[in-house]
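The sequence lines fix the lettering, A, B, ..., with proteins before strands; numbering per chain opens at 1. Note that this is a predicted model, so its numbers are computed, not measured.
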Amino acid sequence: MTNPIVTRFAPSPTGFLHIGGARTALFNWLYAKAKGGRMLLRIEDTDRRRSSEEAVEAILAGLKWLELDWDGEPVFQHAHQARHREIAEALLAEGMAYKCYCSSEELTEMREKARAEGRPPVYDGRWRDRDPGDAPPDVDPVIRFKSPREGETVIDDAVQGPVRVANSELDDLILLRSDGTPTYMLSVVVDDHDMGITHVIRGDDHLTNAARQLQLFVALDWQTPQFSHVPLIHGSDGAKLSKRHGALGVEAYRDMGYLPAALRNYLVRLGWSHGDDEIFSTEELIKWFDLDAIGRAPARFDFAKLESLNSHYINTSPDETLIAAIRALPDQLLNQHGLVGDTENWQKLTRALPVLKPRARTLIDIIEGARFLFATRPLTMDAKADKILSDQSVEVLRELLAELETSAAWDVPSLERDVRGFIEANDIKMGAVAQPLRAALTGGTTSPGIFDVLALLGRDEALERIRDRL
RNA sequence: GCCCCCUUCGUCUAGUGGUUAGGACGCCAGGUUUUCAACCUGGAAACAGGAGUUCAAUUCUCCUAGGGGGUGCCA
């Protein structure tokens with residue numbers, strides 16, 4: 001056994017943890033777990049102006065909700081600025097970097113000209129070998145890396161395979177800004193090295209960056225990590241993820257009633273596969289996950305499949321897990337679906353859970369399904385329920401009520417026996433009794449099995465709800 | 001514009017130089033049924049296009065088209 005595996009998830013704190021970031025985190029987490037290594041968390045806050053405390057909190061909260069833990073304390077890149085600067089200075093001292101005094105106007109002009117001439121829009125290296133004596137007096141220079149001009153850089157990517165980029169396409173990147181602060185490109189390389197990162201797993205929007213970073217690793221004579229660039233996730237229309245479809249924070253998925261386990265299972269199948277398997281326990285994932293089974297094509301986000309998985313996890317999760325997940329939802333959301341969190345309602349919900357689960361695809365469905373239990377008499381009938389309660393149906397209910405009032409026990413088996421006896425005696429169909437009864441008891445036309453509804457409501461409440469309709 | 005990456009049912013994907021190209025979600029039909037969901041049975045549905053290599057290409061190579069990413073003193 002050589003070096004232990006060390007991966008890292010390195011989000012920039014400019015917003016919440018979106019779905020793509022969540023999958024990247026998952027892959028890093030799984031790979032570390034699969035190989036008995038560690039996953040570190042690094043906040044890439046090099047650009048102070050665009051970073052925020054709230055975003056950091058949102059990202060940490062998102063990871064926790066997804067149940068993806070990291071090893072050690074989060075590393076804030078910003079805190080290592082002095083170290084990053086030191087490396088840049090060392091490169092400068094060794095002649096592997098230089099000061100560039102170009103103005104941004106000059107740079108823009110350079111790019112536009114190159115583009116117009118059909119050449120790669122890169123910095124032309126005009127200060128690369130220029131006499132420092134030419135330096136304009138009032139300009140603070142940036143420090144640029146002297147990157148190789150000939151040949152090519154090959155990224156031996158574990159997902160993409162060998163990716164070759166001509167060095168002429170890569171210009172002399174900026175290490176230190178004119179205000180002396182390090183850029184992202186420098187910081188990642190130094191931090192990945194200092195943190196002992198062995199495997200970099202990230203979105204393939206970083207693929208070309210990898211070539212530049214590779215050059216830096218080589219110049220510094222540092223061991224390069226194994227790169228894995230994972231294709232991005234697209235929205236359902238194939239376009240880049242935007243606020244509409246997938247670019248929601250993971251907490252938005254929580255609020256839609258998805259379980260973390262379901263989201264993880266969905267996400268891992270977006271790009272990774274293990275034969276025809278679809279459902280994985282965390283243990284199986286850790287046992288089977290590997291880089292070579294990650295695909296190279298971008299995937300589209302599909303809510304229908306997520307829902308189907310969620311339904312599976314709802315039905316296989318212990319009731320306590322479900323109740324805890326519902327309790328973790330914002331109060332406002334709960335109230336919106338008729339659930340005021342008093343003890344009595346939580347008890348009703350818990351008791352009803354077994355019959356609610358099979359017909360729910362999300363936690364929201366569960367709450368909605370239990371809504372009739374929270375409601376107070378007299379119930380308001382929706383349009384369909386109102387229609388079902390015709391004069392004739394009400395008569396049926398009146399007769400059934402008499403029957404139920406004498407019912408000895410109020411549990412599902414005896415209730416069912418009573419009602420079936422009633423329909424046989426009156427020679428009517430089950431539907432002719434169940435539907436009016438359902439309407440009277442729930443105010444609607446869909447619910448769990450009618451005997452369950454009767455039992456859940458309890459004798460007094462059920463009987464009263466029927467009397468309310470007579 | 002320039003560079004890089006990608007392309008199997010609607011979607012996620014499996015797969016191989018010779019297969020009836022498999023699974024899942026969704027969809028359609030039927031069954032079951034007290035509603036809804038579930039469940040059971042059956043069905044429609046894909047190798048982007050064109051060359052080349054080969055006895056044989058979905059599979060290997062090239063081109064085209066389409067999609068995505070990058071192209072910052074952002075990360």
Assign [X] to base, sugar-phosphate, or nothing according to its heavy-atom contacts below 4.0 angstrom with the strands shown.
X        : result
A:Asn209 : base
A:Tyr266 : nothing
A:Ser178 : base
A:Glu278 : base
A:Gly449 : base
A:Ser447 : base
A:Ser12  : sugar-phosphate
A:Thr208 : sugar-phosphate
A:Pro11  : nothing
A:Leu207 : sugar-phosphate

Practice problem: Return yes if a side-chain donor-acceptor contact under 3.5 Å exists between A:His337 and A:Glu368, otherwise no. | Solution: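 Short answer, yes.
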
So which nucleotide does [N] pair with, by the Watson-Crick or G-U wobble rule with both distances under 3.5 Å?
N     : answer
B:G1  : B:U71
B:G17 : none
B:A37 : none
B:G52 : B:C60
B:G66 : B:C6
B:C27 : B:G43

In whole Å, what separates the [atom1] atom of [N] from that of [M]?
N     : M     : atom1 : value
B:A57 : B:A21 : C1'   : 13 Å
B:C40 : B:U32 : P     : 16 Å
B:U19 : B:G52 : C1'   : 25 Å
B:G18 : B:A24 : P     : 24 Å
B:C2  : B:U20 : P     : 45 Å
B:U11 : B:C3  : C1'   : 30 Å
B:G22 : B:U16 : C1'   : 12 Å

[N] base to [X] side chain: any donor-acceptor pair below 3.5 Å?
X        : N     : result
A:Asp204 : B:G69 : no
A:Arg438 : B:U34 : yes
A:Arg119 : B:C2  : no

Can you tell me which nucleotide in [options] comes closest to the side chain of [X]?
X        : options             : result
A:Asp205 : B:C3, B:G70, B:C25  : B:G70
A:Val142 : B:C73, B:G22, B:C3  : B:C73
A:Ser273 : B:A14, B:C12, B:C5  : B:A14
A:Pro120 : B:C2, B:U13, B:A37  : B:C2
A:Gln77  : B:A75, B:C12, B:A14 : B:A75
A:Ala299 : B:U71, B:U13, B:A37 : B:U13
A:Arg361 : B:C3, B:U11, B:A38  : B:A38
A:Met430 : B:U34, B:G69, B:G72 : B:U34
A:Arg111 : B:A14, B:C73, B:C6  : B:C73
A:Leu270 : B:C12, B:U35, B:A75 : B:C12

Self-check item: Exam field: side chain A:Asp172 to backbone A:Gly125, donor-acceptor pair closer than 3.5 Å
Solution: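 No, A:Asp172 side chain to A:Gly125 backbone: no donor-acceptor pair under 3.5 Å.
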
Practice problem: For this output row, return yes or no: ring centroids of A:His18 and A:Phe16 closer than 6.0 angstrom. | Solution: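 So the answer is no for these two rings.
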
Quiz item: Hey, does the Lys NZ or Arg CZ of A:Arg42 hover above the aromatic six-ring of A:Phe9, less than 6.0 Å from the centre and inside 45° of the axis?
Solution: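 Not satisfied by the 6.0 Å and 45° rule.
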
Atom pair distance, as rounded to whole Å: [atom1] in [X] and [atom2] in [N]:
X        : N     : atom1 : atom2 : answer
A:Tyr258 : B:C25 : OH    : C1'   : 13 Å
A:Met110 : B:G72 : CE    : P     : 12 Å
A:Arg300 : B:C9  : CZ    : P     : 10 Å
A:Glu44  : B:A75 : CD    : C1'   : 7 Å
A:Leu309 : B:G23 : CG    : P     : 18 Å
A:Ile294 : B:C6  : CD1   : P     : 14 Å
A:Leu170 : B:G72 : CG    : C1'   : 14 Å
A:Asp292 : B:A14 : CG    : C1'   : 14 Å

Quiz prompt | For A:His274, all residues meeting side-chain hydrogen bond (donor to acceptor under 3.5 Å, both in side chains), sequence neighbours excluded | solution =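 Testing A:His274 for side-chain hydrogen bond (donor to acceptor under 3.5 Å, both in side chains), a comparison that skips the adjacent residues, returns A:Asp277.
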
Self-check item: Mutual orientation of the aromatic rings belonging to A:His206 and A:Tyr184 [parallel < 30°, tilted 30-60°, perpendicular > 60°]
Solution: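 A:His206 vs A:Tyr184 ring planes: tilted.
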
Quiz prompt | ring-ring contact (aromatic ring centres under 6.0 Å, His included) partner of A:Tyr266, chosen from A:Phe303, A:Phe301, A:Tyr258 | solution =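 Testing each of A:Phe303, A:Phe301, A:Tyr258 against A:Tyr266, the sole residue satisfying ring-ring contact (aromatic ring centres under 6.0 Å, His included) is A:Phe301.
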
Quiz item: So does A:Arg361 pair up with A:Asp365, basic N to acidic O under 4.0 Å?
Solution: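 Result for this pair is no, no salt bridge flagged.
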
Quiz prompt | A:Ser187 and A:Val190, any side-chain heavy atoms less than 4.5 Å apart | solution =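 In short, these two side chains do not touch, never coming nearer than 4.5 Å.
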
Self-check item: Phosphate OP1/OP2 of B:C6 contacted by A:Arg296 side-chain N/O (<4.0 Å)
Solution: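 It does, given that an N or O in the side chain of A:Arg296 lies less than 4.0 Å from OP1 or OP2 of B:C6.
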
Exercise. May I ask whether A:His206 stacks on the base of B:A75, given the cut-offs of 5.5 Å between ring centres and 30° between planes?
Key: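 Yes, A:His206 stacks on the base of B:A75.
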
